[in-house]
Amino acid sequence: MGEPARAKLGQGRQAEVFEYGDQKALKLFYPGTALHVVEHERNVSRVINEFDLPTPRTYELVQDQGRDGIVYEKVEGPTLLKVLLADASKMAWAGELSAELHSKMHACRSDRLPSQKASLERRIRSAQIEEAIRDKALHALESLPESNEVCHGDFHPDNVLLSPRGPVILDWVNATRGNRMADFVFSALILKVAEVPDFIPNADLFNHGRTELFKAYTKTYLQHYPASMQEIVPWIFPVAVARLGDHIPSERLRLLKIISRLSRRVE
């Protein structure tokens, strides 16, 4: 007899998550995922565990029925996105909470995480867009300041879980050391362009109300880290092209509009 089926806790673009004993969860990557991708996430997550940040503990690599996976601490509770889908009146609160968590992350510094600029460059090169615009984005990125703040690289409400112990930040696969303004712009852009699919219950309420989420997030974040438009705006164009390189079909048209408008202003 084989092992009993594990309860499925969730799934994303790269993997499914299952129960793995009483206090652990197994993030099992889809077939065909390269082992180095899984090892990269495990190694980055272990570095993040060294900071005073609310994030699941990271354990060992495992194989299950030919699929590679990572064992994490099991953290229970709804994601922030799920809460918003159930109650759209909490948009402002969710934006403020997200900004608080992101600010706490950016107060940490590391020299052991991958380079943010290298990550953005790879994503820009992967974007399906005119070569001239891609080259402009790469040139713009090269001129922007580096730093070593801890950056998530994909921070949004579906990567925040509301557990009994408080909010927990998930999915650190894109974490880097870099400039917090780039990470802030990336998250603000996601709130601008990402839509919950229509087949999700209450998706229309979320999609109509996300402007309030965006405003609360950006206002609260900039109260923690005041920045001028001259510091923020130069990041938007290369970050938008990098996001296009993540190949999310539902975001493509909105991103192309932003990129087209900004590319005309970039030398």
Side-chain angles (χ1 to χ4, degrees), residues 36-37 39-53 55 98-127 129 131-156 159 169-193 217-218 220-247 255 258-259 261-263 265-267:
H36 71 83
V37 172
E39 292 174 332
H40 169 81
E41 178 170 337
R42 189 273 310 267
N43 294 340
V44 165
S45 298
R46 282 186 168 175
V47 173
I48 297 299
N49 283 166
E50 297 173 8
F51 296 98
D52 182 24
L53 292 171
T55 184
S98 297
E100 296 286 346
L101 291 169
H102 217 182
S103 299
K104 184 174 183 180
M105 181 195 310
H106 291 161
C108 302
R109 292 177 176 267
S110 174
D111 291 321
R112 297 175 52 211
L113 291 170
S115 161
Q116 180 188 63
K117 277 198 169 183
S119 174
L120 291 172
E121 179 181 343
R122 283 193 299 272
R123 291 155 97 167
I124 289 170
R125 292 188 184 280
S126 175
I129 200 166
E131 185 176 352
I133 293 179
R134 186 185 301 111
D135 289 345
K136 271 189 179 183
L138 290 169
H139 180 72
L141 176 67
E142 186 179 1
S143 68
L144 290 166
E146 298 193 58
S147 189
N148 65 347
E149 285 99 11
V150 171
C151 296
H152 188 278
D154 193 26
F155 184 72
H156 54 72
N159 279 335
I169 306 169
L170 307 176
D171 196 8
W172 291 88
V173 64
N174 292 312
T176 59
R177 66 180 192 280
N179 190 305
R180 62 176 177 257
M181 281 293 102
D183 207 37
F184 162 70
V185 166
F186 207 100
S187 291
L189 187 67
I190 290 173
L191 296 182
K192 271 286 190 184
V193 304
Y217 165 73
T218 54
T220 306
Y221 183 89
L222 292 173
Q223 287 172 347
H224 285 275
Y225 289 114
S228 67
M229 294 306 291
Q230 288 77 13
E231 293 174 280
I232 297 170
V233 170
W235 284 105
I236 300 175
F237 174 59
V239 163
V241 180
R243 181 64 176 179
L244 190 67
D246 288 342
H247 306 293
L255 285 170
I258 293 169
I259 291 165
R261 184 175 71 249
L262 293 176
S263 68
R265 305 177 190 174
V266 176
E267 295 297 330

The side-chain contact (heavy atoms from CB on, under 4.5 Å) partner of His106 among Leu101, Asp183, Val150 is Asp183

Nearest heavy-atom contact between Ser147 and Arg109 is OG-NH1, 3.5 Å

**Asked** Quick one: does Arg134's side chain have a donor or acceptor within less than 3.5 Å of a partner on Ala127's backbone?
**Response** yes

Between Ser119 and the options Lys117, Gln116, Glu121, Arg122, the side-chain contact (heavy atoms from CB on, under 4.5 Å) test singles out Arg122

Across all chains, not counting sequence neighbours, the side chain to side chain donor-acceptor pair (under 3.5 Å) partners of Arg112 are Glu50

With the side chain counted from C-beta on, respond yes when Met181 and Leu144 share a heavy-atom pair under 4.5 Å apart, and no when they do not. no

Applying side-chain contact (heavy atoms from CB on, under 4.5 Å) to Ser103 and not counting sequence neighbours gives Tyr221, His224, Tyr225

Next item on the list: Check whether any side-chain heavy atom of Leu191 lies under 4.5 Å from a side-chain heavy atom of Thr218, and answer yes or no.
Entry: no

| Are any non-hydrogen side-chain atoms of Trp172 and Leu53 less than 4.5 angstrom apart? | yes

Taken to the nearest 0.5 Å, the spacing of Ile133 CD1 from Ile124 CD1 works out to 12.5 Å

### Query
Under 4.5 Å between any side-chain heavy atoms of Asp154 and Arg243, yes or no?
yes

Rounded to the nearest 0.5 angstrom, the CD1-CD1 distance for Ile259 and Ile236 is 12.0 Å

The reported gap from CG in Asn179 to CD in Glu149 (rounded to nearest 0.5 angstrom) is 6.0 Å

| said: Are the side chains of Leu120 and Pro238 in contact, using a 4.5 Å heavy-atom criterion? | reply: no

query = So, Ser143 side chain and Ala140 main chain: donor-acceptor pair closer than 3.5 Å or not?
reply = yes

### Message
So Leu138 and Glu142, do their side chains get closer than 4.5 Å, heavy atoms only?
### Response
no

Answer yes or no: is there a side-chain heavy-atom contact under 4.5 Å between Ile232 and Phe184? yes

query: Is there a donor in the side chain of Asn159 and an acceptor in the side chain of His156, or the other way round, less than 3.5 Å apart?
result: yes

Nearest heavy-atom approach of Ala240 to Ile258 is CB-CG2, 4.4 Å

For Ser126 and Gly245, the nearest pair of non-hydrogen atoms, with its separation, is OG-O, 3.4 Å

Exercise. Any donor-acceptor pair under 3.5 Å linking the side chain of Ser98 with the backbone of Tyr217?
Worked result: no

Value for CZ (Arg123) from CG (Leu141), rounded to nearest 0.5 Å, stands at 11.5 Å

For Ser263 and Lys136, the nearest pair of non-hydrogen atoms, with its separation, is O-NZ, 2.7 Å

* **Min side-chain heavy-atom separation Phe51-Ser110 under 4.5 Å** => yes

Taken to the nearest 0.5 Å, the spacing of Asn174 CG from Asp246 CG works out to 6.5 Å

Rounded to the nearest 0.5 angstrom, the CD-NE2 distance for Glu100 and His102 is 12.5 Å

Contacts of Arg46 meeting salt bridge (charged side-chain N to carboxylate O under 4.0 Å, His left out) (sequence neighbours excluded), chain-then-number -> none

Would you check if the side chain of Arg177 reaches a backbone N or O of Leu113 as a donor-acceptor pair within less than 3.5 Å? yes

His152 side chain to Asp171 backbone, donor-acceptor under 3.5 Å: yes

Tightest non-hydrogen contact, residues Ser115 and Ala118, listed as OG-N, 3.1 Å

Heavy atoms of Met105 and Cys151 approach each other most closely as SD-C, 4.1 Å

